[in-house]
Asker: 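Questions regarding the structure given below will be posed in turn.
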Amino acid sequence: MNVKNINRLFVLIGIIILVIAGRYVITSQEVVEMPTVQVVTQTEVIPSVAGSYCWHSAGGGKCVDTAAPHELFEGEQLPYVKVAPNEIIEFQYSQKPTSISIQQWVQDFDYKEISTTIRFTAPSEKGTYIISGLARFNNGDRTDSIAIEVK
(Lines give C-alpha, C1' and ligand atoms only; values in the text may rest on other atoms or scores of the structure.)
Protein backbone atom coordinates (compact mmCIF):
# COMPACT_ATOMS: atom_id res chain seq x y z
CA MET A 1 0.00 0.00 0.00
CA ASN A 2 1.46 3.35 -0.93
CA VAL A 3 1.55 6.50 1.21
CA LYS A 4 -1.26 8.17 -0.76
CA ASN A 5 -3.66 5.29 -0.05
CA ILE A 6 -2.69 5.22 3.64
CA ASN A 7 -3.42 8.96 3.93
CA ARG A 8 -6.85 8.45 2.32
CA LEU A 9 -7.58 5.61 4.73
CA PHE A 10 -6.72 7.82 7.73
CA VAL A 11 -8.92 10.63 6.36
CA LEU A 12 -11.81 8.19 5.88
CA ILE A 13 -11.40 6.80 9.40
CA GLY A 14 -11.27 10.35 10.77
CA ILE A 15 -14.51 11.28 8.98
CA ILE A 16 -16.25 8.18 10.32
CA ILE A 17 -15.13 9.02 13.86
CA LEU A 18 -16.38 12.62 13.49
CA VAL A 19 -19.79 11.45 12.23
CA ILE A 20 -20.18 9.00 15.13
CA ALA A 21 -19.04 11.58 17.69
CA GLY A 22 -21.38 14.22 16.20
CA ARG A 23 -24.34 11.86 16.33
CA TYR A 24 -23.53 11.06 19.97
CA VAL A 25 -23.41 14.77 20.90
CA ILE A 26 -26.72 15.45 19.14
CA THR A 27 -28.56 12.52 20.76
CA SER A 28 -27.11 13.22 24.22
CA GLN A 29 -28.69 16.71 24.10
CA GLU A 30 -31.99 15.46 22.71
CA VAL A 31 -35.02 15.85 24.94
CA VAL A 32 -36.62 12.43 25.17
CA GLU A 33 -39.76 13.28 27.13
CA MET A 34 -42.58 15.31 25.63
CA PRO A 35 -42.91 18.58 27.56
CA THR A 36 -45.74 19.09 30.02
CA VAL A 37 -48.08 22.09 30.07
CA GLN A 38 -49.90 24.04 32.74
CA VAL A 39 -52.39 26.79 31.87
CA VAL A 40 -52.62 29.57 34.45
CA THR A 41 -54.14 32.93 35.25
CA GLN A 42 -52.74 35.18 37.97
CA THR A 43 -54.85 33.38 40.55
CA GLU A 44 -55.55 29.83 39.40
CA VAL A 45 -54.61 26.84 37.28
CA ILE A 46 -57.03 26.03 34.45
CA PRO A 47 -57.42 22.30 33.74
CA SER A 48 -56.41 21.44 30.19
CA VAL A 49 -57.22 18.53 27.92
CA ALA A 50 -54.42 17.02 25.83
CA GLY A 51 -55.12 16.81 22.13
CA SER A 52 -53.21 15.63 19.08
CA TYR A 53 -49.44 15.36 19.26
CA CYS A 54 -46.45 14.04 17.40
CA TRP A 55 -43.18 13.36 19.24
CA HIS A 56 -39.95 11.69 18.16
CA SER A 57 -36.71 10.94 19.98
CA ALA A 58 -33.99 8.32 20.28
CA GLY A 59 -34.76 6.87 16.86
CA GLY A 60 -38.48 6.39 17.55
CA GLY A 61 -41.63 8.41 17.32
CA LYS A 62 -45.32 8.48 18.05
CA CYS A 63 -48.19 10.49 16.60
CA VAL A 64 -51.68 10.60 18.09
CA ASP A 65 -54.63 12.26 16.38
CA THR A 66 -57.55 13.12 18.65
CA ALA A 67 -60.94 14.70 18.16
CA ALA A 68 -61.25 18.46 17.71
CA PRO A 69 -61.06 20.54 20.93
CA HIS A 70 -64.80 21.17 21.19
CA GLU A 71 -65.41 17.41 20.86
CA LEU A 72 -62.80 16.64 23.52
CA PHE A 73 -64.62 18.79 26.05
CA GLU A 74 -67.94 17.14 25.27
CA GLY A 75 -66.38 13.78 26.15
CA GLU A 76 -64.56 14.99 29.27
CA GLN A 77 -67.55 16.78 30.84
CA LEU A 78 -65.18 19.37 32.31
CA PRO A 79 -66.68 22.57 33.68
CA TYR A 80 -65.82 25.89 32.06
CA VAL A 81 -63.44 27.87 34.30
CA LYS A 82 -64.68 31.38 35.08
CA VAL A 83 -62.29 34.19 34.09
CA ALA A 84 -62.60 37.96 33.98
CA PRO A 85 -62.97 39.83 30.68
CA ASN A 86 -59.52 40.58 29.18
CA GLU A 87 -57.78 38.45 31.83
CA ILE A 88 -54.25 37.33 30.90
CA ILE A 89 -53.92 33.55 30.54
CA GLU A 90 -50.65 31.72 29.93
CA PHE A 91 -49.69 28.29 28.60
CA GLN A 92 -46.58 27.33 30.62
CA TYR A 93 -44.49 24.52 29.10
CA SER A 94 -41.72 22.56 30.79
CA GLN A 95 -39.58 23.28 27.69
CA LYS A 96 -39.40 26.42 25.62
CA PRO A 97 -41.42 25.97 22.40
CA THR A 98 -39.89 26.94 19.07
CA SER A 99 -43.28 28.39 18.07
CA ILE A 100 -46.81 28.54 19.41
CA SER A 101 -50.26 29.31 18.07
CA ILE A 102 -53.10 30.07 20.48
CA GLN A 103 -56.45 29.51 18.78
CA GLN A 104 -59.99 30.40 19.77
CA TRP A 105 -62.51 27.90 18.46
CA VAL A 106 -65.40 29.80 16.95
CA GLN A 107 -67.82 27.10 15.86
CA ASP A 108 -67.26 23.38 15.47
CA PHE A 109 -64.15 23.07 13.26
CA ASP A 110 -63.60 26.79 12.69
CA TYR A 111 -61.04 28.75 14.72
CA LYS A 112 -59.05 31.98 14.67
CA GLU A 113 -55.51 32.54 15.87
CA ILE A 114 -55.45 34.97 18.78
CA SER A 115 -51.77 34.83 19.81
CA THR A 116 -48.36 33.57 18.72
CA THR A 117 -46.88 33.75 22.23
CA ILE A 118 -47.56 31.69 25.35
CA ARG A 119 -49.82 34.48 26.72
CA PHE A 120 -53.18 35.62 25.46
CA THR A 121 -55.98 37.86 26.64
CA ALA A 122 -59.37 36.34 27.39
CA PRO A 123 -62.20 37.75 25.24
CA SER A 124 -63.91 40.89 26.52
CA GLU A 125 -67.44 39.67 25.79
CA LYS A 126 -69.30 37.40 28.19
CA GLY A 127 -69.68 33.82 27.00
CA THR A 128 -68.06 30.40 26.85
CA TYR A 129 -64.91 29.77 24.81
CA ILE A 130 -62.65 26.89 23.92
CA ILE A 131 -59.00 27.87 23.49
CA SER A 132 -56.19 25.66 22.15
CA GLY A 133 -52.45 26.01 22.31
CA LEU A 134 -50.47 24.34 19.51
CA ALA A 135 -46.83 24.32 20.60
CA ARG A 136 -43.96 23.17 18.40
CA PHE A 137 -40.66 21.91 19.78
CA ASN A 138 -37.49 20.55 18.18
CA ASN A 139 -38.77 16.99 18.66
CA GLY A 140 -42.41 17.50 17.69
CA ASP A 141 -45.59 19.28 18.70
CA ARG A 142 -48.53 19.05 21.06
CA THR A 143 -51.99 20.58 21.33
CA ASP A 144 -53.74 21.34 24.61
CA SER A 145 -57.14 22.97 25.11
CA ILE A 146 -59.00 24.79 27.85
CA ALA A 147 -62.65 25.79 28.33
CA ILE A 148 -63.29 29.22 29.85
CA GLU A 149 -66.35 31.28 30.70
CA VAL A 150 -65.94 35.04 30.63
CA LYS A 151 -68.18 36.33 33.41
Asker: For Cys54, give me all partners under side chain to side chain contact (heavy atoms under 4.5 Å, CB included), at least two apart in sequence or on another chain.
Answerer: Cys63, Asp141
Asker: Would you say Tyr80 has more than 12 foreign heavy atoms packed within less than 6.0 Å of its OH?
Answerer: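 Buried by this count: over 12 neighbours within 6.0 Å.
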Asker: Go through Thr41 and Ile88 one step at a time and tell me if the side-chain contact (heavy atoms from CB on, under 4.5 Å) criterion holds.
Answerer: CA-CA 6 Å; Thr41 67; Ile88 302 297; over 6 Å; no
Asker: Quick one: CD1 on Ile118 to CZ on Phe91, what's the gap to the nearest 0.5 Å?
Answerer: 10.5 Å
Asker: Strictly by modelled atom types, are Ser101 and Glu113 linked by a side-chain donor-acceptor pair under 3.5 Å?
Answerer: yes
Asker: I want to check something: taking the side chain as every heavy atom from C-beta on, are Thr128 and Ile148 in contact at a cut-off of under 4.5 Å?
Answerer: no
Asker: Going through the checks in order, is the side-chain contact (heavy atoms from CB on, under 4.5 Å) test met by Tyr129 and Trp105?
Answerer: CA-CA 7 Å; Tyr129 301 90; Trp105 290 80; over 6 Å; no
Asker: At what distance, to the nearest 0.5 angstrom, does CG of Leu134 lie from CZ of Arg142?
Answerer: 11.0 Å
Asker: Determine yes or no for a side-chain-to-main-chain donor-acceptor pair under 3.5 angstrom, with Thr66 supplying the side chain and Ser52 the backbone.
Answerer: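 It does hold such a pair.
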Asker: A side-chain contact here means heavy atoms from C-beta on lying under 4.5 Å apart; do Pro123 and Gln104 qualify?
Answerer: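 Heavy-atom side-chain distance check passes, below 4.5 Å.
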Asker: From Ile89 CD1 over to Phe120 CZ, what is the distance, rounded to the nearest 0.5 angstrom?
Answerer: 3.5 Å
Asker: Using side chain to side chain contact (heavy atoms under 4.5 Å, CB included) as the criterion, list what pairs up with Val40, not counting sequence neighbours.
Answerer: Gln38, Val45, Glu90, Gln92
Asker: Could you check Val150 against Val83 for side-chain contact (heavy atoms from CB on, under 4.5 Å), going step by step and ending with a plain yes or no?
Answerer: CA-CA 5 Å; Val150 176; Val83 298; 4.1 Å; yes
Asker: Answer whether the closest heavy-atom distance between the side chains of Ile100 and Arg136 falls below 4.5 Å.
Answerer: no
Asker: Given side chains that start at C-beta, do those of Ile131 and Gln103 come closer than 4.5 Å, heavy atoms only?
Answerer: no
Asker: Search all heavy atoms of Pro47 against all heavy atoms of Ile146 and return the closest pair with its distance.
Answerer: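 Where Pro47 meets Ile146 most closely, the heavy atoms are O-CG2, 3.7 Å.
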Asker: Roughly how far, to the nearest 0.5 Å, is CD1 of Ile130 from CD of Glu71?
Answerer: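 One gets 10.0 Å once the value is rounded to the nearest 0.5 Å.
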Asker: What pair of heavy atoms forms the shortest contact from Lys82 to Lys151, and how long is it?
Answerer: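 Result for this residue pair: CB-CD, 4.1 Å.
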Asker: Please examine the side chains of Ser99 and Phe137, heavy atoms only from C-beta on, and report whether any two atoms are closer than 4.5 Å.
Answerer: no
Asker: Got a sec: does the CG of Asp65 have more than 12 other heavy atoms crowding it under 6.0 Å?
Answerer: no
Asker: Please test Tyr93 against Thr36 for side-chain contact (heavy atoms from CB on, under 4.5 Å), starting from the C-alpha separation and ending with a verdict.
Answerer: CA-CA 6 Å; Tyr93 296 94; Thr36 58; over 6 Å; no
Asker: Can you tell me how far the OG1 atom of Thr121 sits from the CD1 atom of Ile102, to the nearest 0.5 Å?
Answerer: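 These two atoms lie 11.0 Å from each other.
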Asker: To check you understand the geometry: which heavy-atom pair defines the closest contact between Leu72 and Gly51, and what is its length?
Answerer: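 Result for this residue pair: CD1-CA, 4.0 Å.
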Asker: Any donor and acceptor pair, going by atom type alone, linking the side chain of Gln95 with main-chain N or O of Glu33 inside 3.5 Å?
Answerer: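 Pair found, side chain donor or acceptor close to backbone of Glu33.
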Asker: Side chains of Phe73 and Ser145, heavy atoms from C-beta outward: is any pair under 4.5 Å?
Answerer: yes
Asker: Is any side-chain heavy atom of Val39 closer than 4.5 Å to a side-chain heavy atom of Asp144?
Answerer: no
Asker: So, using side chain to side chain contact (heavy atoms under 4.5 Å, CB included) as the criterion, who are the partners of Lys62 when residues are at least two apart?
Answerer: Tyr53, Val64
Asker: Work out which heavy atom in Ala122 is nearest to a heavy atom in Ala84; give both atom names and the distance.
Answerer: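 That would be CB-O, 3.9 Å.
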